[in-house]
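Comments concern the structure below.
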Amino acid sequence: MSEESKPIPKEIGRSGEHDLKIEWRDGRVSVLPARLLRQKCPCAMCVDEMTGRRTLDPDSVDEDVHPLGIELVGRYAIRIRWSDNHSSGIYTFQLLRQLDPGARESADPEGE
């Protein structure tokens with residue numbers, strides 16, 4: 001992936017009480033549901049490092065989970081401190097862009 005095609009946020013913040021809002025340099029705005037982000041946590045506690053199989057049961061994530069804090073990790077990711085006391089996941093900007101429901105819809109013109 002070339003440097004120009006890497007997703008780079010211009011601003012990262014909250015959208016309401018629960019969700020994350022990212023304004024990307026290319027003009028796209030992503031609103032990512034907090035529960036979805038928590039369910040997709042990429043850390044070793046939530047994903048088996050050897051197989052890549054998700055070990056976190058998505059149904060175990062509370063409906064009202066929300067970020068308590070968001071911090072940058074280098075120039076490529078963020079770490080979220082969650083209301084359920086989880087904070088070991090590092091969400092790369094590429095992963096965040098992939099998790100954007102709007103990005104998936106626009107990438108699939110058939111909407112499937």
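The analysis underlying the following values was restricted to heavy atoms, covering all of them including side chains, and did not include hydrogens, waters or symmetry mates.
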At what distance, to the nearest 0.5 angstrom, does [atom1] of [X] lie from [atom2] of [Y]?
X: His18; Y: Glu63; atom1: NE2; atom2: CD; result: 9.5 Å
X: Leu99; Y: Thr92; atom1: CG; atom2: OG1; result: 8.5 Å
X: Glu49; Y: Cys43; atom1: CD; atom2: SG; result: 9.0 Å
X: Ile12; Y: Ile70; atom1: CD1; atom2: CD1; result: 7.5 Å
X: Leu56; Y: Gln39; atom1: CG; atom2: CD; result: 7.5 Å
X: Lys40; Y: Leu96; atom1: NZ; atom2: CG; result: 13.0 Å

Taking all non-hydrogen atoms of both residues into account, name the closest pair between [X] and [Y] and its distance.
X: Ser88; Y: Met45; answer: OG-SD, 3.9 Å
X: Val31; Y: Pro33; answer: O-CD, 3.7 Å
X: Trp24; Y: Pro9; answer: CE3-N, 3.5 Å

Hey, can you pull the donor-acceptor pairs under 3.5 Å for the side chains in residues 75-83, sequence neighbours left out?
residue: Ser83; atom: OG; partner: His66; partner atom: N; Å: 3.0
residue: Ser83; atom: OG; partner: His66; partner atom: O; Å: 3.4

Path from Leu37 to Leu72 over hydrophobic side-chain contacts below 4.5 Å: yes
Heavy-atom side-chain contact between [X] and [Y] under 4.5 Å:
X: Asp100; Y: Leu32; value: yes
X: Arg35; Y: Pro58; value: no
X: Pro7; Y: Arg28; value: no
X: Arg97; Y: Asp26; value: yes
X: Leu95; Y: Pro42; value: yes

Positive for salt bridge (charged side-chain N to carboxylate O under 4.0 Å, His left out) with Arg38, one of Asp19, Asp57, Asp84: Asp84
